[in-house]
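Report on the structure given below.
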Amino acid sequence: MKTIKILEIPFTFFDHKKEFEEKIISFLKEEKLHSIFTPNAEIISIAERNNNLKKILMNSDLNLPDGIGVIFLAKKLGYKNLKKLAGIDAMKYMLSLAVKEDISVYFLGAKEEILRDMIKKIEENYKGLSIAGYHHGYFLKDYEEKIIEDINMSAAKVLFVALGAPKQEFWIEKNKDKLKVRIAMGVGGSFDVLSERKKRAPKIFINLGLEWLYRIFQDPIRLIKRVPNLFYFLYIYIRG
Ligand code: UDP
């Protein structure tokens, strides 16, 4: 395990799944909320222009290197052989760990029908998982307190927040003193993938670090929205 700062944001790289699991268990033992984020090239490029987001990432309990962009920046700083850990993979590891250790989880985010599909798939794929509760991610501000109450009443230990970045980062930061969970993790579009409505890239893309390319072409409207951030990331990379 190695933690390095990239553009002032600490990233932790794990050598093995076991190491990651140990970190999660240590978080669960401590009586406080631990925030976990998975910044990728796009989030880094937004954080470079949004100081509030940057501060949240600088002060979180764990940032995982979600994607090849982070690995490229680390290489430029002289760190070789570091492994990425995609948010979706980290979430899957945590779900397996939750089954093994009997840890209850709550899911917040995504569209209602996607969330329902995901719950079904998760019940099939993670038999015995203790699902404390769930709520879709399209709620009005006035309803937020009710959701927080529901999460706290459920006594969930882990909260997965899939509101998209950077919305989920701001949401967790804003509510961290009210939430009684031990871990709150921003997981972006992971619920869509776990619902199996959206396909993940084929293994070859993932292994070549080209998952982002696959995702962009899967949804061309997203491509247009993302171009400025990707160019900004390129600028960050060249600028050093
Ligand atoms: N999402 C949500 N509430 C919102 C905005 C987004 O629940 O107000 C969900 C969306 O349905 C999707 C996830 O957040 O499941 C990720 O959204 P997006 O693809 O925009 O973000 P990214 O994958 O880039 O983090």
Side-chain angles (χ1 to χ4, degrees), residues 9 35-50 52-54 56-57 60 63-70 84-92 95 105-122 133-148 150-151 159-175 179 184-201 205-206 209-233:
I9 301 168
S35 52
I36 305 181
F37 300 119
T38 67
N40 56 15
E42 193 183 9
I43 302 176
I44 291 174
S45 98
I46 298 172
E48 272 299 278
R49 287 162 293 157
N50 182 329
N52 289 336
L53 177 61
K54 188 156 184 173
I56 293 173
L57 297 175
S60 73
N63 294 313
L64 301 174
D66 182 348
I68 199 78
V70 186
K84 66 172 179 162
L85 177 52
I88 177 101
D89 290 324
M91 183 177 169
K92 285 181 179 172
L95 290 173
V105 300
Y106 193 108
F107 301 96
L108 172 65
K111 295 195 181 112
E112 181 133 39
E113 62 275 19
I114 295 214
L115 181 68
R116 279 218 204 96
D117 281 2
M118 182 194 74
I119 297 292
K120 259 193 235 148
K121 295 286 172 198
I122 282 184
Y134 48 88
H135 198 286
H136 65 79
Y138 293 86
F139 48 85
L140 296 172
K141 258 210 152 78
D142 296 351
Y143 201 68
E144 203 164 273
E145 293 302 319
K146 267 211 153 31
I147 294 176
I148 293 171
D150 189 48
I151 296 167
L159 169 66
F160 294 107
V161 186
L163 299 175
K167 196 172 180 180
Q168 63 207 8
E169 284 75 7
F170 287 120
W171 195 89
I172 291 173
E173 175 67 18
K174 188 176 84 175
N175 297 308
L179 289 163
M185 177 178 182
V187 291
S190 297
F191 289 10
D192 300 68
V193 177
L194 291 173
S195 74
E196 294 179 19
R197 285 206 187 195
K198 220 180 212 175
K199 276 214 162 61
R200 205 179 167 193
F205 279 76
I206 297 175
L210 292 174
E211 188 166 8
W212 58 277
L213 193 68
Y214 181 87
R215 287 182 64 190
I216 278 175
F217 282 104
Q218 207 183 22
D219 189 348
I221 293 170
R222 282 179 89 194
L223 169 68
I224 297 161
K225 276 201 304 195
R226 269 140 225 244
V227 165
N229 284 331
L230 291 174
F231 272 109
Y232 198 79
F233 184 78

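Values below: all heavy atoms of this structure, side chains included; hydrogens, waters and symmetry mates excluded. Counting starts at 1 for both ligands and their atoms, following the listed order. Since the structure is predicted, the reported quantities are computational estimates derived from the model, not experimental observations.
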Classify the angle between the aromatic ring planes of Phe107 and Phe191 as parallel (below 30°), tilted (30 to 60°) or perpendicular (above 60°).
perpendicular
Quick check on contacts: which atoms of ligand 1 are under 4.0 angstrom from a heavy atom of Arg226?
24 (O)
Given Asn40 and Lys84, is the side-chain contact (heavy atoms from CB on, under 4.5 Å) satisfied, shown in steps?
CA-CA 10 Å; Asn40 56 15; Lys84 66 172 179 162; over 6 Å; no
In terms of residue, atom name and distance, what is the protein heavy atom nearest to atom 5 (C) of ligand 1?
Leu163 O, 3.4 Å
What are the atoms of ligand 1, with element, lying closer than 4.0 Å to any heavy atom of Lys167?
4 (C), 8 (O)
For atom 23 (O) of ligand 1, the protein heavy atom that lies nearest, with its residue and separation
Arg222 NH2, 3.1 Å
List the steps and the verdict of side-chain contact (heavy atoms from CB on, under 4.5 Å) for Leu213 and Phe217.
CA-CA 6 Å; Leu213 193 68; Phe217 282 104; 3.7 Å; yes
Taking the basic N atoms (NZ, or NE/NH1/NH2) and the acidic carboxylate oxygens, is any pair closer than 4.0 Å for Arg200 and Asp89?
yes
Nitrogen or oxygen atoms of Gly109 and ligand 1 under 3.5 Å apart
no
Which ligand 1 atoms are under 4.0 Å away from a heavy-atom of Ala165?
25 (O)
protein heavy-atom neighbour closest to atom 3 (N) of ligand 1 works out as Gly137 O, 2.8 Å
Should Asp192 be counted as touching ligand 1, given the test is an N or O pair under 3.5 Å?
yes
Can you tell me if Ser195 uses its side chain to pair, donor with acceptor, with the backbone of Asp117 under 3.5 Å?
no
Is the contact between Ala162 and ligand 1 made by the side chain, the backbone, both, or neither, using heavy atoms and a 4.0 Å cut-off?
backbone
Non-hydrogen side-chain atoms of Ile43 and Phe37 separated by less than 4.5 Å
no
Which residue owns the protein heavy atom closest to atom 13 (C) of ligand 1, what's the atom, and how far is it?
Gly188 O, 3.4 Å
Within ligand 1, which atoms have a heavy atom of Gly189 less than 4.0 Å away?
16 (C), 23 (O)
Given the rule in the side-chain contact (heavy atoms from CB on, under 4.5 Å) test, do Lys92 and Val193 qualify, once you have shown the distances and angles that lead to the verdict?
CA-CA 11 Å; Lys92 285 181 179 172; Val193 177; 5.9 Å; no
Would you confirm whether Gln218, through its side chain, and Lys199, through its main-chain N or O, come within 3.5 Å as a donor-acceptor pair?
yes
Minimum-distance protein heavy atom relative to atom 7 (O) of ligand 1:
Ala110 N, 2.8 Å
Indicate yes or no for a side-chain donor-acceptor contact from Glu211 to the backbone of Gly67 under 3.5 Å, with no hydrogens or angles considered.
no
Run the numbers for me: atoms of ligand 1, each under 4.0 Å from some heavy atom of Arg215, listed by number.
23 (O)
Test item: Asn63 side-chain N/O and Leu57 main-chain N/O as donor-acceptor pair under 3.5 Å
yes
of all protein heavy atoms, closest to atom 10 (C) of ligand 1 is Tyr138 OH, 3.3 Å
Can you list the ligand 1 atoms lying under 4.0 Å from a non-hydrogen atom of Gly164?
13 (C), 14 (O), 16 (C), 17 (O), 21 (O), 25 (O)
